[in-house]
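Before any comments, here is the structure.
Scope of the values below: all heavy atoms of this structure, side chains included, with no hydrogens, waters or symmetry mates. Just so we're on the same page: letters track the sequence lines, and every chain starts at 1.
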Amino acid sequence: MSLLTPDAKTHVDPAAQASVPEKSRAERKTSFDVADFPLPHGREEDWRFTPVDRLTGLLADEPTADGAVTVEVSDQSVVAEPLAADEGVRGTALVPGDRASALAHANSAKALHLKLDAETEYDEPLRVTVHGNAGKRSNGHVVIEAGVHSKGLVILEHTGSGEHTANVEVVVGDGAHLTVVSLQQWDDDALHLAQHEALVGRDATYRHIAVTLGGKVVRINSNVKYDGPGGDATLLGVYFADAGQHLEHRTFIDHNAARTKSLVTYKGALQGESAHSVWVGDVLIRAEAEGIETYELNRNLVLTDGARADSVPNLEIETGEIAGAGHASSTGRFDDEQLFYLQARGIPEGEARRLVVRGFFADVISKIGVPAVVEPLMEAIDAELAAGAQV
Amino acid sequence: MSTLEIRDLHVSVDTDKGSKEILKGVNLTVKSGETHAIMGPNGSGKSTLAYSIAGHPKYNVTSGTVTLDGEDVLAMKVDERARAGLFLAMQYPVEVPGVTVSNFLRTAKTAVDGEAPKLRHWVKDIKQSMAALRMDDGFAERGVNEGFSGGEKKRHEILQLELLKPKMAILDETDSGLDVDALRVVSEGVNRVKDSTDAGVLLITHYTRILRYIKPDHVHVFVNGRVAEEGGPELADRLEAEGYDRFLTPTA
């Protein structure tokens, strides 16, 4: 007996009706032209988790306001001539993948250009501090060019307020070792939409670390593709979403070359009413990408009721000849039995919570391994927990 | 000299069908240096007694008192009870991923003593205790109970007992799931603690075999939420021979 009656309807996800989903991640639109990206309504695949109603101002095609940001670079020796849209390496790695990125590109006549000389090791972290001012909007584009066999660490620090679209375009030369850290330490009302795109050269090592603690809506799309075989990319993320915060991280590894490697590890904690985190991890292994190795992982620790974590790993494989591919994703509540166990050993509740949360982040923190990032980060997490305990 | 005193303790838990009373008037006094074995069939409430004394939030004390040297234990938070000198070796120790054993032990020791242990002595103490419990050095850098075997978890509980030096130790079925060698190692650890600190021990067990290694001064048979019979070590021998059947015969 069939349960289907003649007028039975199968359920159709409204999100799926709104736009035709692409067959492959490779088909998603990229363009330098803002007009190619209409204002999102929130049902598009790549905007479906994002509170687009809070972004109508920022997604309008507006130039950077006077005094919207102050940008400082710690070491002037790496600051090269700014790049126009079609100048130098600009546009070779990053082609905007959404409206925010297209706006950041179109409204950045000249891009800040950091150039690490070939075969040069930079011992000190190169710091770029971006401070935003309340009520103002900016569009930014930064190009980081790491010369062949160079080695360096670039730390982008975002503080203050305002509304910002931003592109970070990274070209990692053959054999270079480059780490790019992006710290989002915004005030509670800041909006930040970013695309960080890296082109990883032959046998080069690229590490991208996103640490997002502040901001009202932060969305960072961190993408990697390869410019030759043997490249190795590690994308790490730590986030802590409080009440009212939307923190979204999307990663896309395009394995377009043979024997390339990628490792994506994102971990987040959430506390407070309507705290929301999103992680979408896309990996595409193209037919030509034989012998590659990839693993992506996202874990979320929900500390209080009322918070929500979305976690979506996508793995697309077009070749059978791979060394390894896997993904894992999980979201769990804070375990009160852990708290009991620690308290039963005399450890007070606040400290026990801190231990559990620090333990949760321990593996990704040890992978970050940059003392200049790790120490302030652990203190910031402790402060977030302490603030949460006051509520 | 410390005294743990339990008087007419009633404890219930919330179930789907409402509140259910598990402990129905427990009386027990444990003094420093004494070892009390609590034996009883499954479901008699032995573990509930252990967790109630430690302060697990699942258990509601509805009446009765628990005092340690006259102080009201039931008024204390879980961590305050531990700092007052109570220790519960758990039957199912909880995994705390990413928190190393060494960090955990140091944090607990600091909390219990009220000051950080002197580094040199502390490292030596840990090494000695771990060696005595046949735990290799790498253990200290593993996550707390993370991926531990059943035997490793129990050794880790006894390691904490040795290092934290409580006034009263409650061992909740520490013997369950251990092979003979592990049982002997764990029992030796408990005996070392008894000899060196004069702690009172409340040994909760289903089986008599651990009593071959840890000699009880008093044996209490626990049935249906209260102590049904008390005696000396000979009571354990009798239970080994006869089992719990005579306590479980339905009475009119």
Side-chain angles (χ1 to χ4, degrees), chain A residues 236-240 265-269 297-305 328-369 374-375 377-379 381-382 385 389, chain B residues 50-59 76-115 141-146 153 156-157 159-161 163-167 169-170 172:
Chain A
L236 307 174
V238 173
Y239 47 90
F240 199 120
T265 307
Y266 270 67
K267 284 196 159 192
L297 173 144
N298 173 234
R299 299 215 185 288
N300 298 291
L301 179 61
V302 179
L303 299 172
T304 64
D305 289 336
S329 153
S330 73
T331 297
R333 282 190 57 92
F334 186 88
D335 184 353
D336 289 334
E337 292 297 326
Q338 293 178 340
L339 202 57
F340 173 74
Y341 187 75
L342 297 175
Q343 283 188 268
R345 300 302 178 245
I347 301 169
E349 182 178 346
E351 198 174 350
R353 266 182 199 283
R354 240 181 350 258
L355 268 184
V356 171
V357 174
R358 276 181 169 243
F360 170 77
F361 283 117
D363 55 346
V364 68
I365 297 281
S366 78
K367 281 197 184 95
I368 291 175
V374 168
E375 276 314 307
L377 171 58
M378 294 317 294
E379 283 167 24
I381 288 172
D382 284 352
L385 282 171
Chain B
Y51 279 87
S52 300
I53 297 169
H56 193 286
K58 180 178 158 191
Y59 301 98
M76 300 178 195
K77 291 180 190 156
V78 176
D79 48 298
E80 290 169 340
R81 297 179 193 204
R83 294 200 295 276
L86 292 172
F87 180 90
L88 169 62
M90 298 190 199
Q91 187 181 356
Y92 303 109
V94 182
E95 290 190 14
V96 192
V99 178
T100 61
V101 167
S102 69
N103 183 19
F104 163 64
L105 293 174
R106 194 176 58 247
T107 306
K109 182 68 175 170
T110 304
V112 165
D113 288 3
E115 59 177 352
E141 294 314 311
R142 292 170 68 184
V144 170
N145 295 318
E146 201 178 355
K153 285 182 180 172
H156 181 226
E157 294 295 286
L159 175 65
Q160 296 165 51
L161 172 65
L163 295 168
L164 298 180
K165 305 190 192 323
K167 292 174 184 159
I170 303 160
D172 185 18

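Proximity of A:L355 to B:V96: side-chain heavy atoms (C-beta onward) are nowhere separated by under 4.5 Å. Within the 4.5 Å cutoff, the side chain of A:F340 has no heavy atoms near those of the B:K58 side chain. Counting only heavy atoms from C-beta outward, the side chains of B:R81 and A:Q343 never approach each other to under 4.5 Å.
B:H56 and A:E337 get closest at one heavy-atom pair: NE2-OE2, 2.9 Å. In this structure, B:A82 and A:A344 approach most closely via the heavy-atom pair CB-O, 3.3 Å. Summarising the geometry of A:G346 relative to B:A111, their closest heavy-atom pair is O-CB, 3.1 Å, with the distance given to 0.1 Å.
Using a 4.5 Å cut-off between heavy atoms, B:E80 does not touch chain A at all. The parts of A:Y341 that come within reach of chain B are both its backbone and its side chain, each placing non-hydrogen atoms under 4.5 angstrom from that chain. Using a 4.5 Å cut-off between heavy atoms, B:E157 contacts chain A through its side chain alone, with no backbone atom that close. Within the 4.5 angstrom heavy-atom criterion, no atom of B:P166 approaches chain A.
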Quick one, B:K77 with A:E349, criterion side-chain contact (heavy atoms from CB on, under 4.5 Å). Give me CA distance, side-chain angles, the key distance, then yes/no. CA-CA 9 Å; B:K77 291 180 190 156; A:E349 182 178 346; 5.9 Å; no
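The CZ atom of B:R83 lies 10.0 Å from the CD1 atom of A:I347; values are rounded to the nearest 0.5 Å. Rounded to the nearest 0.5 angstrom, B:L163 CG and A:R345 CZ are separated by 11.5 Å.
Residue with the most contacts toward chain A among B:V112, B:L88, B:L86: B:L88 (heavy-atom pairs, distance under 4.5 Å).
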